[in-house]
Asks: 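There's a structure below that I have some questions on.
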Amino acid sequence: MPELPEVETVVRSLAPLAGRRIVSAEFRASRSLRGGDPQRMAERLAGRRIHTIRRYGKFILVSLSGGGYLLLHLGMTGRLSLGGKPGKHTHAIFTLDRGVLQFDDSRQFGAVEVHDQFPARIARLGPEPLEVPAEDFARHLRRHRTCVKALLLNQTFVRGVGNIYADEALFRAGIHPLAQTARLRTDRALRLHQALAEVLTEAITAGGSSISNYVDANGRQGLFQVSHRVYQRTGEPCVNCGTLIRRVLVGQRSSHYCGRCQKR
DNA sequence: ATCGGTACCTGCACGC
DNA sequence: TGCGTGCAGGTACCGA
């Protein structure tokens, strides 16, 4: 389901869990556990108190009393819910001293992991797009030899941008998804940084984009999908010029763009 | 060291 | 109704 704005919305909806104690945890063996032993994971969590819940890109990091971490990733279809009913795709159930947190994920591209140390997976990520200085963003962009859409999706470049917001930011910046990063002039790179910040900020305010089944931990949908200008609008007119929106594959991912407004 | 391509899963919408 | 196809917000891993 989720990119940065959706994960941010979920994390905010989980804020009331700070200070709660994990009475017990129950895991169902699945790909989401990444080979971790369900029994052992449950033992490591039982009795721990939730300290903070923070977002790193698309990851959710729960720090626990005693120094451990619970790391969550929603993948494409992951869902966290407070007090839901376990179903076919429930992979984890955390029983708290007050309430229950449940993790569901039909495609199992998400992750639930228990760590003793700050997870290396997170340490490897690039900066937050809403925190990286524009000049750094523009400079780093030019160091890569790839097309700009692929780079935006690269989590070691910036963390948290996915297919929706990459397309939306490129449209707002007037940059073609297949533009080569090494050849992007600084002013255009700065515009992209600005466009990315704007679209992410607006989407967070709207509670994310609810496409298919995304909801926050309280079951509330986001509203930002109505503001999409190119994403999944193939064949519809561009909001700026009326040209029909096109779709092209970039690194096996659908990319939506206006051939007139977005230049290579 | 960076890349592009592929694999991993299930569900849904669509055309026949 | 059923079946095959293509598509879907994700990351990891492979070889070039």
Side-chain angles (χ1 to χ4, degrees), chain A residues 1-11 28-36 55-61 71-80 87-91 103-113 119-126 129 140-170 177-183 196 199-200 203-204 206-216 221-228 230-235 247-256:
Chain A
M1 59 161 107
E3 302 183 29
L4 187 156
E6 291 75 34
V7 179
E8 178 64 25
T9 302
V10 169
V11 165
R28 231 177 255 178
S30 84
R31 184 189 144 82
S32 306
L33 305 189
R34 308 280 152 143
R55 181 188 59 74
Y56 288 82
K58 300 169 196 168
F59 287 87
I60 299 169
L61 187 66
L71 181 65
L72 302 166
H73 195 293
L74 302 176
M76 296 268 247
T77 51
R79 191 188 285 203
L80 284 166
K88 188 176 167 187
H89 300 297
T90 302
H91 305 300
F103 176 79
D104 292 74
D105 183 11
S106 64
R107 281 177 80 180
Q108 302 178 40
F109 285 179
V112 182
E113 302 169 9
R121 298 178 69 180
I122 290 188
R124 279 195 295 268
L125 297 173
H140 290 152
L141 194 77
R142 226 172 300 126
R143 287 195 197 146
H144 292 262
R145 306 270 156 209
T146 185
C147 65
V148 65
K149 170 68 185 281
L151 188 58
L152 286 176
L153 296 180
N154 179 346
Q155 303 296 299
T156 65
F157 174 62
V158 282
R159 63 186 193 227
V161 180
N163 212 30
I164 296 175
Y165 300 104
D167 280 4
E168 293 297 317
L170 287 169
L178 290 172
Q180 288 296 307
T181 55
R183 300 184 54 197
L196 197 52
V199 76
L200 292 173
I204 290 170
S209 301
S210 282
I211 297 185
S212 77
N213 64 354
Y214 162 76
V215 287
D216 72 12
Q221 297 198 352
L223 300 170
F224 194 71
Q225 62 279 10
V226 302
S227 302
H228 293 174
V230 286
Y231 183 74
Q232 284 190 347
R233 291 194 63 245
T234 308
R247 173 179 172 272
V248 65
L249 283 183
V250 182
Q252 318 299 102
R253 312 295 303 280
S254 281
S255 299
H256 314 78

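A note on names: the letters A, B, ... follow the listed sequences, proteins ahead of strands, and every chain is numbered from 1.
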Asks: Quiz question: by atom type and distance under 3.5 Å, do the side chains of A/E6 and A/Y165 form a donor-acceptor pair?
Replies: yes
Asks: Nearest heavy atom decides the nucleotide; on that basis, is A/R143 or A/Q108 closer to the 5' end of DNA chain B?
Replies: A/R143
Asks: C/dC7 C1' sits how many Å from A/I164 CD1, rounded?
Replies: 14 Å
Asks: Whole angstroms only, please: what is the CD-C1' distance between A/Q155 and C/dC13?
Replies: 16 Å
Asks: Walk along DNA chain B from 5' to 3' and tell me the first and last nucleotide with an atom closer than 4.0 Å to a non-hydrogen atom of chain A.
Replies: B/dC3 to B/dG11
Asks: I'd like to know if A/D167 and A/K149 make a salt bridge, using a cut-off of under 4.0 Å between side-chain N and carboxylate O.
Replies: yes
Asks: May I have the distance from A/E113 (atom CD) to C/dA12 (atom P), rounded to whole angstrom?
Replies: 9 Å
Asks: Can you measure A/H73 atom NE2 to C/dA12 atom P for me and round it to whole angstrom units?
Replies: 8 Å
Asks: Please state how far atom CG in A/L74 lies from atom P in C/dT11, giving the value in whole angstrom units.
Replies: 11 Å
Asks: Just how far, in rounded Å, is P of C/dG10 from OH of A/Y214?
Replies: 14 Å
Asks: What is the ring orientation for A/Y231 with A/H228, classed by angle as parallel under 30°, tilted 30 to 60°, or perpendicular over 60°?
Replies: perpendicular
Asks: Considering every strand and a 4.0 Å limit on heavy-atom distances, what is the contact class for A/R124: base, sugar-phosphate, or nothing?
Replies: nothing
Asks: Sub-3.5 Å donor-acceptor pair from the side chain of A/E168 to the main-chain atoms of A/V230, do we have one?
Replies: yes
Asks: Starting at CZ of A/R79 and ending at P of C/dA8, how long is that distance when rounded to a whole Å?
Replies: 20 Å
Asks: Does C/dT11 have OP1 or OP2 sitting under 4.0 Å from an N or O in the side chain of A/R31?
Replies: no
Asks: Testing the basics here: between A/V161 and A/A166, what is the closest heavy-atom pair and its distance to 0.1 Å?
Replies: CG1-N, 3.7 Å
Asks: What's the gap between C/dC7 and B/dG5 when it is taken at their P atoms, as a whole Å value?
Replies: 16 Å
Asks: For A/T146 and for A/H89, find the nucleotide of DNA chain B with the closest heavy atom, then tell me which residue's nucleotide is more 5'.
Replies: A/T146
Asks: Quick one: sort the A/H91 and A/F103 rings into parallel, tilted or perpendicular, breaks at 30° and 60°.
Replies: tilted
Asks: Does A/T77 reach the side chain of A/F109, with side-chain heavy atoms less than 4.5 Å apart?
Replies: no
Asks: Describe the nucleic acid contact of A/F224 in one word from base, sugar-phosphate, nothing, applying a heavy-atom distance below 4.0 Å.
Replies: nothing
Asks: Can you identify which nucleotide, out of C/dA12, C/dG10, C/dA8, has its nearest atom closest to the A/R34 side chain?
Replies: C/dA12
Asks: Could you tell me the Watson-Crick or G-U partner of B/dC3, where both distances fall under 3.5 Å? Say none if there is no partner.
Replies: C/dG15
Asks: Taking CD from A/Q252 and P from C/dA8, how many angstroms apart are they, rounded to a whole number?
Replies: 11 Å
